[in-house]
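Below is one structure, written out as structure tokens; comments come after it.
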Amino acid sequence: MSDSPETRKDARHKRAMEKQKSRVDASIARADTERGVAILLTGNGKGKSSSAFGMVMRALGYGYRVGVVQFIKGEQLSGEEIYLRDHCPQVDFHQMGTGFTWDTQDRSGDIAAARSTWEKARAMLDDPAYHLVVLDELTYMLAFDYLPEEEVLAAIAGRPAEQSVVVTGRGGGSALQDLMDTVSEVRDIKHAFNSGIKARRGVDY
Ligand code: ATP
Ligand code: MG
């Protein structure tokens with residue numbers, strides 16, 4: 001009696017999965033370097049900062065110490081800031097002071113704010129106690145030339161071997177992309193805001 005189509009499908013599936021598993025196992029075996037990773041989340045779509053905070057949550061799950069530095073001072077408090085400040089003593093959270101907004105048009109004030117915020121970031125990138133450091137919206141500081149690119153890249157490159165760093169923001173330049181181990185571009189296919197839907201508390205901020 002010949003096999004039914006379902007039985008043949010099952011057997012084909014099993015063979016394909018066996019092949020897939022051996023490919024996955026081989027690539028896992030090849031990745032044998034243990035060290036912190038540098039991740040850049042860029043592009044025009046929504047999801048860069050929220051992905052970074054997803055990794056913060058992962059690190060916290062294992063009880064690691066985390067540093068977060070946000071290089072844009074928004075009008076609005078964000079849910080992540082409220083939560084982390086209130087509930088997560090293992091997270092050190094810094095935000096650029098009120099000196100900087102898109103509206104100040106005060107270039108030297110903005111540069112001073114960027115520099116003093118960068119000092120917080122640099123101290124974290126120097127401290128092996130941090131398992132993960134998030135530099136949210138850092139790319140804009142490089143794009144505006146508010147921070148010296150060489151110094152920023154050197155601090156990221158020279159961080160403790162076990163420390164991972166996540167940089168978010170559009171652009172950032174090719175030198176930054178070259179340095180980072182993982183670079184993901186979030187593409188904007190569409191965004192609710194452009195259909196007139198207001199930014200949503202607990203979703204967008
Ligand atoms: P999120 O923090 O939601 O992950 P993001 O970090 O990718 O967003 P940012 O450029 O930092 O994006 O912008 C933050 C805010 O702007 C969020 O409220 C987000 O929903 C909104 N936003 C992000 N991308 C777009 C877009 N393409 N059009 C309109 N609004 C956007
Ligand atoms: Mg963002």
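These numbers were taken from a predicted model, which means no experiment stands behind them. Ligands are counted one by one from 1 in listed order, and the atoms in each one are counted from 1 as well.
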For [atom], which protein heavy atom lies nearest, and how many Å away is it?
{"atom": "atom 9 (P) of ligand 1", "answer": "Lys48 NZ, 4.2 Å"}
{"atom": "atom 8 (O) of ligand 1", "answer": "Gly47 N, 3.6 Å"}
{"atom": "atom 10 (O) of ligand 1", "answer": "Arg170 NH2, 3.3 Å"}
{"atom": "atom 25 (C) of ligand 1", "answer": "His191 CD2, 3.3 Å"}

Per-atom contact, atom 16 (O) of ligand 1, protein heavy atoms, under 4.0 angstrom: no
Is_contact(atom 13 (O) of ligand 1), protein non-hydrogen, under 4.0 Å: no
Polar proximity ligand 1 side, [X] side, N/O cut 3.5 Å exclusive:
{"X": "Lys46", "value": "yes"}
{"X": "Tyr205", "value": "no"}
{"X": "Tyr140", "value": "no"}

Is the closest side-chain heavy-atom distance between [X] and [Y] below 4.5 Å?
{"X": "Leu77", "Y": "Gln95", "result": "no"}
{"X": "Trp118", "Y": "Val152", "result": "yes"}
{"X": "Thr117", "Y": "Leu147", "result": "no"}

Using a strict cut-off of 4.0 Å, indicate which atoms of ligand 1 neighbour a heavy atom of [X].
{"X": "Asp188", "value": "27 (N)"}
{"X": "Ser50", "value": "1 (P), 2 (O), 3 (O), 4 (O)"}
{"X": "Glu137", "value": "11 (O)"}
{"X": "Asp204", "value": "17 (C), 18 (O), 19 (C), 20 (O)"}
{"X": "Asn44", "value": "24 (N), 26 (C), 27 (N)"}

Derivation of the side-chain contact (heavy atoms from CB on, under 4.5 Å) call for Ile39 and Met55: CA-CA 11 Å; Ile39 300 168; Met55 285 178 263; 3.8 Å; yes
Closer than 3.5 angstrom, by distance alone: can the side chain of [X] be matched with the main-chain N or O of [Y] as a donor-acceptor pair?
{"X": "Ser164", "Y": "Val37", "answer": "yes"}
{"X": "Arg115", "Y": "Ala112", "answer": "no"}
{"X": "Asp92", "Y": "Gly67", "answer": "no"}
{"X": "Arg8", "Y": "Asp3", "answer": "yes"}
{"X": "Gln163", "Y": "Met124", "answer": "yes"}
{"X": "Arg159", "Y": "Val133", "answer": "no"}

Gly45, Ser49, Ala52: member with heavy atom nearest to atom 2 (O) of ligand 1: Ser49
N, O or S from Glu137 under 2.8 Å to the Mg ion (ligand 2):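 It does: Glu137 brings an N, O or S atom closer than 2.8 Å to the Mg ion (ligand 2).
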N/O/S from Ser50 sitting under 2.8 Å away from the Mg ion (ligand 2): no
Ion pair check, Glu18 and Lys21, cut-off under 4.0 Å: no
